[in-house]
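Take a look at the structure set out below.
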Amino acid sequence: MPFRCFILVFVALVAVMPVKAENLKLTIKAETKQQQDNIKAHLGTLPSSEQHRASFVFNAEPATEKALAALGYYQPDIDINLNKQKEPWQLTITVTAGVATKWQQVDVKITGEASALKPFQRIAQEQGLIEGERVIHSHYDQTKSALVSRAVRLGFFDGEMTTSRLEVDRKRRQANAVLHYHSGNRYQFGEISFEGSDLEPELLQTMLNFQQGDSYSLTQITALNRALVQSGYFGSVKVLPLIDQRSNNQVPILISLTPAKSHSFDVGVGYATDTKQRASITWRTPQINRYGHSQETKIEYSDVNPYVRFLYDIPLSNPNTDILQFGLGLESNEYADIESELRHARIGRKTIHEGWVRQYYLRHLDERWDILEDSEKSQFIMPGVTWANTSRSGNPVDPEAGLRQYYLLEFASDKLRSDANIARFAAQIKWLNRFNDNHRVVIRTGLGASYFEDKDLSDVPPSLRFYAGGDESIRGFAYQSLGPTIDYEDDEGNQQKITVGGRYMATGSLEYQYYLNDEWRVAAFTDAGNAFEDLEDSIDWAYSVGGGVHWLSVIGPIKLDIARSISENNPKWRLHINIGAEL
């Protein structure tokens, strides 16, 4: 059976599906599902009492007529059949809609300042009110409603609908829609006042996205409300346009603020195969003084990477998009077979523009690490910059589509009190897209390159080297287990290798996901890459394949993946567990 015929048969079957109630069984036989659904909507709730049933049956025909007229069918053939011989009663409504009435003329006119604005240019077409198309009453109603609502959102508070008329010629099966709207003058933002905050007025002014005298826009008011909440300074925010107090073509704006709690504490726990179990506590002070300074202190414990970090923020031109940051940190890390402890201090400027987060910084790194029986230490003063951008659509924790980008560039010089001349670049990119409802593809890549002048790799701090392997790198391999190695002899005289990381790194992953339902999906993937020492030598690429089951929880996917190497002899399957949002 051709696919189109199958669809027509399916729609026909749907259109005669019975609807049951305790004392009435209703069957609607209509030509389309749209007709059936509209008839059901006009009939209303099925009866639950005998009195309600009698009223329901009595009104069935006029309700059906109204339902079809709303869809442009003014001369339908309606057959009502009621069988009272048994309980529940059997009510069958059979409909032949007839020839549809079409719009002969659509007369939508806008006068006043609104006529020149783009949101009003094609408003009728956007709502489906088009000459020659079938009459659907909701398109007329939606156009009328959109005219008024858009005018109010854009500050035309004195506008009025001068003419609104729906004309139907049933015999000729033609209809005219007439909507004339006079917008009047557009209002402007008036005086802007703040109440409830002890922040410096100049700081509050930096968060405004409009000024007195700008054209009124509810979209800008909503954006300002969101920006004030995002700043973290306030427990509640209300941006109130005082429309009743408008005068001289201006609307005053009152911004009512309630300060946030002086301190907040967040406790978190988690688990990932790479970092094992972890627990953290975060202390935040959103407003330290009237200049908007804030701080965040986080302590996290895990077997692999326990750390303490302190961050102090000072707003510059805007507390949401331009911040001066001071940071301190103490960390312990396991890089493959190397244990490292590092202390770092950092000063930088963080800016946000068109979704891109840029950080320009100068950091001091003091790192100590043990490799075999040797202890090493090194320090660097490193200027650098990072760029990051994440775009997504759909559910934030399980997006329909998205792209995450992160780039880093930093360097050090022995002329600036560093132990070596260094330059480093790193990039991480992840792209995903869901298609045909149940299918999704995820692609990610990681790249790294570094230059160490006159420095053996084993003398370079582990945090400045590159490694591969793990949940977000190459599954099937242990966390940071891939990279250049050095040989050594153990206590029993056996030759062994330890991974010390590389100057370069390249990884890639291709994953296909299939959604079983709204809560579960399965995945199949392949990962590849490695960290390496020299671009001129042949690279020992590592490859793996695997699959998994993902539960889509409210906090993000909980992923259980198993993978194994296909580039090693006799590899073992490895379990990877990860919890959290995709991007």
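Numbering of residues begins at 1 and proceeds along the displayed sequence.
Ionic pairing of R503 and E533 is present here: one or more N-O contacts between side-chain nitrogen and carboxylate oxygen are shorter than 4.0 angstrom. Taking the charged nitrogens against the carboxylate oxygens, D471 and K559 have no contact shorter than 4.0 Å, which rules out a salt bridge. Classification of K350 and D322 as a salt-bridged pair fails, no side-chain N sitting under 4.0 Å from a carboxylate O. Between K298 and E296 there is no salt bridge, since none of the side-chain N atoms of the basic residue sits less than 4.0 Å from a carboxylate O of the acidic one.
Between N433 and A401, the closest heavy-atom pair is OD1-CB, 3.5 Å. Closest approach of N389 and G355 over heavy atoms only: ND2-O, 2.9 Å. Nearest heavy-atom pair across S262 and P286 is O-CD, 3.4 Å. Between F234 and L228, the shortest heavy-atom contact is CD1-O, 3.3 Å. Of all heavy-atom pairs spanning S418 and I381, the tightest one is OG-N, 2.9 Å. The two residues Y335 and P462 make their nearest non-hydrogen contact at CD1-CB, 3.4 Å.
Here the side chain of R278 pairs no donor or acceptor atom with the backbone of E300 at under 3.5 angstrom. Of the possible donor and acceptor atoms, none in the side chain of S378 sits under 3.5 Å from a partner among the backbone N and O of P461. When atom types are taken as modelled, the side chain of S375 and the backbone of D370 share no donor-acceptor pair closer than 3.5 angstrom. No donor-acceptor pair closer than 3.5 Å links the side chain of Q220 to the backbone N or O of Y216. Between the R440 side chain and the P399 main chain, a donor and an acceptor come within less than 3.5 Å of each other. Although no hydrogens or angles enter the test, the distance criterion places a donor-acceptor pair under 3.5 Å between the side chain of R444 and the main chain of E472. Between the side chain of D414 and the backbone N or O of N421, no donor-acceptor pair lies under 3.5 Å. Side-chain atoms of N530 come within 3.5 Å of backbone N or O of D540 as a donor-acceptor pair. Proximity of a side-chain donor or acceptor of S481 to a complementary backbone N or O of F477 within less than 3.5 Å is not detected. Looking only at distances, a side-chain donor or acceptor of N305 sits under 3.5 Å from a matching main-chain atom of S332.
For the pair Q513 and V442, the minimum side-chain heavy-atom distance is below 4.5 Å. Put simply, the side chain of V441 does not reach to within 4.5 Å of the side chain of L432, judged on heavy atoms. Y504 places a side-chain heavy atom less than 4.5 Å from the side chain of L535. In this structure, the side chains of P319 and L203 come closer than 4.5 Å at one or more pairs of heavy atoms. In this structure the side chain of R186 reaches within 4.5 angstrom of the side chain of L154, judged on heavy atoms. Between I498 and I486 the shortest side-chain heavy-atom distance falls below 4.5 Å. The closest side-chain heavy-atom distance from W520 to V549 is below 4.5 Å. Contact of the H293 side chain with the Y312 side chain is registered, since non-hydrogen atoms from C-beta on lie closer than 4.5 Å.
In terms of the salt bridge (charged side-chain N to carboxylate O under 4.0 Å, His left out) criterion, residue partners of R424 (sequence neighbours excluded) are, by chain and number, E410. In terms of the side chain to side chain donor-acceptor pair (under 3.5 Å) criterion, residue partners of E195 (sequence neighbours excluded) are, by chain and number, S256.
Interatomic distance, NE2 of H344 versus CD of E367, reported as 10.0 Å (0.5 Å rounding). To the nearest 0.5 Å, atoms CG (D366) and CZ (R343) are separated by 4.5 Å. Between the OG1 atom of T351 and the CG atom of N320 there is a distance of 13.0 Å, given to the nearest 0.5 Å. Separation of atoms CG (L510) and OG1 (T445) is listed at 11.5 Å; rounding is to 0.5 Å. Between K430 atom NZ and E582 atom CD the span is 4.5 Å, to the nearest 0.5 Å. Atom-to-atom distance recorded for L365:CG and R346:CZ is 11.5 Å, nearest 0.5 angstrom.
A cation-pi arrangement is absent between R363 and Y361 under the rule of less than 6.0 angstrom and at most 45 degrees off the ring axis. Judged by a 6.0 Å distance limit and a 45° cone about the ring axis, R475 is positioned over the six-membered ring of F525.
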(request) Please lay out, stage by stage, how D198 and R290 fare under the test salt bridge (Lys or Arg N to Asp or Glu O under 4.0 Å). (result) CA-CA 6 Å; D198 61 355; R290 69 179 189 273; over 6 Å; no

(message) For a side-chain hydrogen bond (donor to acceptor under 3.5 Å, both in side chains) check, start with the C-alpha distance between W283 and H263, then their side-chain angles and the critical distance, and finish with the verdict.
(response) CA-CA 7 Å; W283 166 38; H263 303 279; 3.1 Å; yes

(request) Carefully, step by step, assess I253 and V239 under the rule side chain to side chain contact (heavy atoms under 4.5 Å, CB included). (result) CA-CA 7 Å; I253 305 297; V239 182; 3.9 Å; yes

(request) Go through the steps to decide whether S393 and E400 satisfy the test side-chain hydrogen bond (donor to acceptor under 3.5 Å, both in side chains), and finish with yes or no. (result) CA-CA 6 Å; S393 61; E400 299 287 321; over 6 Å; no

(request) Report the C-alpha separation of L552 and Y515 in whole Å, then their side-chain angles, then the decisive distance to 0.1 Å, and conclude whether the side chain to side chain contact (heavy atoms under 4.5 Å, CB included) test is met. (result) CA-CA 10 Å; L552 307 178; Y515 287 78; 3.6 Å; yes

(message) Using the rule given for side chain to side chain contact (heavy atoms under 4.5 Å, CB included), can you reason through T485 versus V500, listing the C-alpha separation, both sets of side-chain angles and the distance that settles it, and then say yes or no?
(response) CA-CA 5 Å; T485 61; V500 296; 5.9 Å; no

(message) Could you walk me through whether L199 and Q287 satisfy the side chain to side chain contact (heavy atoms under 4.5 Å, CB included) test, starting with their C-alpha distance in whole Å, then the side-chain angles of each, then the deciding distance to 0.1 Å, before giving a yes or no?
(response) CA-CA 9 Å; L199 287 170; Q287 180 185 336; 3.5 Å; yes

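Other residues, nucleotides and ligands place no more than 12 heavy atoms under 6.0 Å from the CD atom of E339. Enclosure of atom CZ in R349 is not indicated, since only 12 or fewer non-hydrogen atoms of other residues, nucleotides or ligands lie within 6.0 angstrom. Counting non-hydrogen atoms of other residues, nucleotides and ligands closer than 6.0 Å to CD of E341 gives a total of 12 or fewer.
Applying the ring-ring contact (aromatic ring centres under 6.0 Å, His included) definition to pairs two or more places apart or across chains, those involving residues 378-435 are F435-H439.
Checked by atom type, the side-chain pair S509/D527 shows a donor-acceptor distance below 3.5 Å. In summary, the side chains of D303 and Q277 do present a donor paired with an acceptor at a separation below 3.5 Å, with no hydrogens or angles considered.
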